[in-house]
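These notes are about the structure you will find just below.
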Amino acid sequence: MKQHINQLVTQALERLAAGGSLTLPADLTVQIERTRTREHGDFASNAAMILAKPAGMKPRDLAAQIVEQLPTSEQVARVEIAGPGFINFFLTPAAYQALVPLIIESGAAYGRSDQYRDTPVMVEFVSANPTGPLHIGHGRGAAVGDCLCRLLAANGYPVTREFYYNDAGQQINNLALSVQARARGVTPDDPDWPADGYRGEYISDVARAYMQGESVHAEDRDISAAADAEDLEAIRAFAVAYLRREQDADLKAFAVHFDNYYLESSLYDDGRVEQTVAQLIASGHTYEQDDALWLRTTDFGDDKDRVMRKSDGSYTYFLPDVAYHVYKWQRGFRRVINEQGADHHSTITRVRAGLQALDIGIPEHWPEYVLHQMVTVMRSGEEVKISKRAGSYVTLRDLIDEVGCDATRYFLVARKSDSQLTFDIDLAKSQSNDNPVYYIQYAHARICSVFRQLAERELAYDQTRGLAAVERLDSAEEQTLLVSLSRYPEVIEAAANTLEPHLLAYYLRDLAGEFHVYYNSQQFLVDDASLRDARLSLASAVRQVLGNGLELLGVSAPESM
RNA sequence: GCCCUGGUAGCUCAGGGGAUAGAGCGACGGCCUCCUAAGCCGUAGGUCGCAGGUUCGAAUCCUGCCCGGGGCACCA
């Protein structure tokens with residue numbers, strides 16, 4: 001639709017230019033926008049306002065000339081000039097009614113496209129270290145990242161989902177020491193407790209399982225416990241596998257899956273870290289100072305240089321990060337999106353600086369980042385504190401168990417990710433009209449219910465008859481619904497292009513609301529068979545779009561509630 | 001101090017160059033002999049943090065300031 005209007009305006013402008021009354025700038029891009037209210041039609045163009053000044057004309061006069069040159073179109077009922085010089089297009093009801101058969105025929109494919117099928121993209125998200133259960137911050141990353149993957153895939157991108165974690169560093173060492181302490185019966189309040197130990201109760205569970213000789217199976221590893229409290233290496237390996245297994249279970253319960261788990265340790269095993277160091281030194285952007293090896297990241301926009309190799313010979317975390325991203329590039333991903341917490345934003349400049357220093361043709365702004373701000377959890381009007389070290393802890397699993405996967409996912413993805421989010425447990429749990437998740441799902445269930453009611457009344461839905469009568473869908477409520485249905489593909493594309501899944505959450509809320517209004521204003525099961533079937537066809541199309549959209553959010557679309 | 005982010009209705013948040021600034025919740029008042037009331041309708045509620053600037057037009061872009069969050073390690 002939008003594209004069609006664009007063509008009409010472009011043709012009109014070209015005619016004016018050919019007639020000599022207008023000169024078009026070479027870089028002209030005509031804007032066709034959805035209008036905010038129906039009084040302004042369906043689409044509006046600002047072409048006259050933009051071109052008025054160079055043409056030396058008043059916007060409204062120029063608009064009149066453009067309108068005069070517009071080709072006629074079956075889809076356009078009328079055109080108006082309004083306000084400071086907008087050209088408003090009013091589409092015919094038929095243009096919208098034609099969507100009903102289109103949506104029903106397209107089914108799950110409605111709103112999807114394959115336009116980016118030639119651009120493999122990797123999305124790295126969650127990437128939690130195996131030092132504890134996933135908390136609600138990881139949950140936000142999981143929900144946003146997973147939804148992004150679904151949106152990208154819906155636009156045709158071949159998507160690879162990757163989870164990267166450190167299985168060997170100092171944090172893991174603290175983990176192993178903590179488990180060992182618990183295995184020996186030492187508690188966090190003991191003087192013997194490791195300095196940076198993890199104090200959470202789950203550490204006791206790991207220690208107990210280890211001492212009982214349990215075997216664990218995680219997505220990316222299997223291990224049996226040695227049950228020896230003195231074998232720190234065995235404890236380390238067991239604890240990592242145990243917590244990975246827990247995280248897998250959390251992610252599974254959250255309907256999130258990954259194609260690949262990538263270990264930081266493998267970057268060392270494969271020699272990629274050493275190789276990256278050698279290349280960085282060769283590139284001339286490094287220097288030695290105070291027995292450490294520095295990378296001159298200030299050459300690439302950082303505000304101070306960074307240490308790559310510490311004076312004790314070990315590497316800082318950012319070096320494997322660079323090596324890891326080089327490998328992503330080498331694997332052929334020309335689009336890479338990293339979804340992570342905003343508390344890690346300082347890595348962006350450094351990783352990009354490292355990649356630029358290598359001078360291997362990686363674009364300046366590669367990879368892309370989607371950062372999410374912190375989540376505050378509220379219960380009974382009070383903030384629930386999250387602190388892994390202290391042990392009081394809102395885990396993702398607790399949330400899923402308490403409020404359900406659907407509501408948790410919806411709430412975590414329904415906000416723009418760069419604003420802080422308040423997760424109200426009471427609201428998310430409430431099975432009432434307070435809760436937007438149920439509001440959307442209820443619209444879907446209601447439509448299913450209408451079709452069940454149809455059968456109970458021993459009526460049958462004749463789709464052919466319904467689609468032949470779509471011109472009877474002419475009420476204000478029906479037109480409103482049809483406009484929203486026409487917007488769905490634009491929303492899917494925009495949400496993927498801007499990497500903003502919340503756009504979809506809002507859209508579905510609006511669509512559901514419009515359906516509820518319709519439901520209350522008109523009867524579906526009327527005696528007039530063709531009218532009945534036409535309305536059922538529209539309901540069916542709405543159900544399809546609600547279902548398609550919920551699928552992209554990873555939220556279920558129940559048939560009854 | 002520097003960098004990133006946010007500041008829009010009592011609360012939670014959309015809108016991020018266009019035409020009278022939106023939604024939900026909360027408040028108040030209505031609607032089930034009728035396809036699920038997990039719904040609908042109505043009323044009240046705003047100096048879009050402040051001040052300049054750019055523009056035909058600024059909640060939206062730029063600059064400065066104020067306030068909240070995060071980050072500025074030879075931690076990750």
Side-chain angles (χ1 to χ4, degrees), chain A residues 31 33 35-37 39-40 44 46 49-50 52-53 58-59 82-86 88 129 131 166 169-172 174 196 264 289-294 301-304 306-318 320-321 341-349 369 371-374 376 378 381 411 414-424 427 430-443 445-454 456-457 459 502-503 505-507 509-510 512-513 515-526 532 535-536 539 560-561:
Chain A
Q31 268 184 48
E33 292 178 328
T35 56
R36 199 178 293 191
T37 73
E39 290 165 39
H40 300 141
N46 63 353
M49 280 132 76
I50 292 191
K53 203 169 193 178
K58 289 179 182 172
F86 288 105
N88 292 337
N129 283 343
T131 54
N166 175 359
Q170 186 54 39
Q171 304 291 343
I172 299 298
N174 289 340
D196 294 315
E264 181 178 341
Q289 184 182 306
D290 305 329
D291 295 328
L293 181 64
W294 296 68
D302 205 353
D303 52 7
K304 56 190 283 194
R306 306 291 168 174
V307 169
M308 297 162 49
R309 190 175 59 214
K310 300 183 245 177
S311 51
D312 68 4
S314 65
Y315 296 112
T316 56
Y317 74 93
F318 108 91
D321 270 3
D343 54 341
H344 288 84
H345 90 265
S346 62
T347 66
I348 299 175
T349 309
Y369 284 83
L371 303 180
H372 64 260
Q373 294 286 337
M374 299 190 74
T376 307
M378 301 289 286
F411 275 77
R415 297 265 180 275
K416 196 168 50 178
S417 62
D418 50 13
S419 64
Q420 292 170 45
L421 187 153
T422 303
F423 192 105
D424 185 336
L427 175 62
S430 72
Q431 301 206 350
S432 73
N433 50 358
D434 305 358
N435 195 327
V437 190
Y438 295 117
Y439 185 86
I440 297 168
Q441 290 180 319
Y442 183 46
R446 248 185 168 174
I447 295 169
C448 296
S449 174
V450 170
F451 279 91
R452 281 193 299 272
Q453 190 62 221
L454 185 74
E456 276 177 34
R457 296 187 189 185
L459 294 168
H502 75 279
L503 296 177
Y506 273 89
Y507 169 83
R509 218 272 163 203
D510 290 344
F515 177 77
H516 287 308
V517 171
Y518 180 43
Y519 182 94
N520 279 277
S521 71
Q522 313 266 354
Q523 285 284 311
F524 290 92
L525 306 182
V526 293
R532 182 176 69 228
R535 288 180 177 169
L536 288 171
S560 66
M561 291 172 71

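As the structure is a computational prediction, the values presented were derived from the model and not from experiment. Reckoned from all heavy atoms, side chains included, excluding hydrogens, waters and symmetry mates. Protein chains get the first letters and strands the later ones, always in sequence-line order, with residue 1 at the start of each.
- Listed candidates were B:A76, B:C40, B:C74. Nearest to the side chain of A:V307 is B:C74.
- When each of A:M374 and A:N520 is assigned the nucleotide of RNA chain B bearing its nearest heavy atom, the one mapping closer to the 5' terminus is A:N520.
- Here the C1' atom of nucleotide B:G68 and the CD atom of A:Q373 are 11 Å apart, to the nearest Å.
- Counting only heavy atoms from C-beta on, A:Q171 has its side chain closest to B:A76 among B:A76, B:C72, B:U12.
- Pair assignment for B:G24: B:C11, on the basis of Watson-Crick or G-U wobble contacts that are both within less than 3.5 Å.
- Of the candidate nucleotides B:C13, B:C40, B:G18, B:C40 has the atom nearest to the side chain of A:V517.
- Between A:D312 atom CG and B:A73 atom C1' there is a gap of 13 Å when expressed in whole angstrom units.
- A close approach under 4.0 Å does occur between a side-chain nitrogen or oxygen of A:K304 and OP1 or OP2 of B:A73.
- The nucleotide B:C72 finds its pairing partner in B:G1, both defining distances of the Watson-Crick or G-U wobble pair being shorter than 3.5 Å.
- Look at the P atom in both B:C25 and B:C41: the space between them is 11 Å, to the nearest Å.
- With P as the reference atom, B:G7 and B:A14 are 8 Å apart, rounded to whole Å.
- Counting distance only, with no hydrogens placed and no angle test, the side-chain atoms of A:N174 and the base atoms of B:A76 include no donor-acceptor pair under 3.5 Å.
- For A:R509 and B:A38, the CZ to C1' distance is 12 Å, given to the nearest whole Å.
- Across B:C62 and B:G29, the matching C1' atoms stand 47 Å from one another, rounded to whole Å.
- Each of B:C74, B:A76, B:G18 was ranked by its minimum atom distance to the side chain of A:E33; first place goes to B:G18.
- Stacking of the aromatic ring of A:H345 onto the base of B:G71 is not found under the criterion of centres within 5.5 Å and planes under 30°.
- Proximity of A:Q170 to A:D196: side-chain heavy atoms (C-beta onward) are nowhere separated by under 4.5 Å.
- Distance check on atom P: B:G16 versus B:U60 gives 13 Å, rounded to whole Å.
- Remark: A:K416 is not in phosphate contact with B:U5, judged by side-chain N or O atoms under 4.0 Å from OP1 or OP2.
- Here the side chain of A:Y506 is nearest to one of B:G24, B:A14, B:C35, namely B:A14.
- Between the CG atom of A:D196 and the C1' atom of B:A76 there is a distance of 12 Å, given to the nearest Å.
- Within the nucleic acid shown, A:A443 has no heavy atom closer than 4.0 Å to any nucleic acid atom.
- Contact annotation for A:Q523: base contact, defined as any heavy-atom pair under 4.0 Å involving a base atom.
- Of the P atoms belonging to B:C61 and B:G6, the separation is 9 Å, rounded to the nearest Å.
- Going from atom CZ of A:F86 over to atom P of B:G17 covers 14 Å, rounded to whole Å.
- The A:R306 side chain lies nearest to B:C72 when the options are B:A76, B:C35, B:C72.
- At whole-Å resolution of the value, CG in A:L421 and C1' in B:C11 are 14 Å apart.
- In this structure, A:D418 places its CG atom 17 Å from P of B:G71, rounding to the nearest Å.
- Base pairing analysis places B:A38 opposite nothing; no Watson-Crick or G-U wobble pair with both distances below 3.5 Å involves it.
- Listed nucleotides: B:A19, B:A23, B:U36. Nearest to the side chain of A:M561: B:U36.
- Looking at A:Y442, its side chain has no donor and acceptor atom pair within 3.5 Å of the base of B:A38.
- Between A:F515 and A:Y439, the ring centre distance reaches or exceeds 6.0 Å.
- Contact annotation: A:S417 side-chain N/O to B:U5 OP1/OP2 distance is not under 4.0 Å.
- The side chain of A:T316 contributes no N or O atom lying less than 4.0 Å from OP1 or OP2 of B:C75.
- Put simply, the side chain of A:S346 and the base of B:C72 share no donor and acceptor less than 3.5 Å apart.
- A:Y317 places none of its side-chain heavy atoms less than 4.5 Å from the side chain of A:N166.
- Side-chain atoms of A:Y519 lie closest to B:C35 of the nucleotides B:U5, B:C75, B:C35.
- Here the CG-CE distance, from A:L421 to A:M374, works out to 11.5 Å after rounding to the nearest 0.5 Å.
- Rounded to whole Å, the P atom of B:A38 lies 15 Å from the corresponding atom of B:U33.
- For A:R446 and B:A37, the shortest distance from a side-chain N or O to OP1 or OP2 is below 4.0 Å.
- Between A:Q453 and the phosphate of B:U36, there is a side-chain N or O to OP1/OP2 separation shorter than 4.0 Å.
- Classification of the A:Y519-A:F524 ring pair by plane angle, with boundaries at 30° and 60°, yields tilted.
- Applying the Watson-Crick and G-U wobble criteria (two distances, each under 3.5 Å), B:U55 pairs with nothing in any strand.
- Remark: the separation of the C1' atoms in B:A51 and B:C67 is 15 Å, to the nearest Å.
- A:D291 places no side-chain N or O within donor-acceptor distance of the main-chain N or O of A:D312, the cut-off being under 3.5 Å.
- Pairing partner, B:G16: none, since no Watson-Crick or wobble contact has both distances short of 3.5 Å.
- Under the Watson-Crick or G-U wobble criterion, with both distances below 3.5 Å, B:U60 is left unpaired in every strand shown.
- Residue-to-nucleotide proximity on RNA chain B shows that, of A:D510 and A:H502, the 5′-proximal contact is made by A:H502.
- The CE atom of A:M561 sits 5.0 Å away from atom CD of A:Q441, with the distance rounded to the nearest 0.5 Å.
- Residue A:K416 holds its NZ atom at 10.0 Å from CG of A:L503, rounded to the nearest 0.5 Å.
- Atoms CD and CG, on A:E33 and A:N88 in that order, are 11.0 Å from each other to the nearest 0.5 Å.
- For A:L525, taking side-chain heavy atoms from C-beta onward, the closest of the listed nucleotides B:A59, B:C35, B:G69 is B:C35.
- A sub-4.0 Å separation between OP1 or OP2 of B:A14 and a side-chain N or O of A:R415 is absent.
- Taking atom P in both B:G42 and B:C3, the straight-line distance is 48 Å, to the nearest Å.
- Regarding A:E264, its CD atom lies at a distance of 12 Å from the C1' atom of B:C75, rounded to whole Å.
- Rounded to the nearest 0.5 angstrom, A:D424 CG and A:T376 OG1 are separated by 11.5 Å.
- When distances run from any side-chain atom of A:V450 to the nucleotides B:G68, B:A14, B:C35, the shortest one goes to B:C35.
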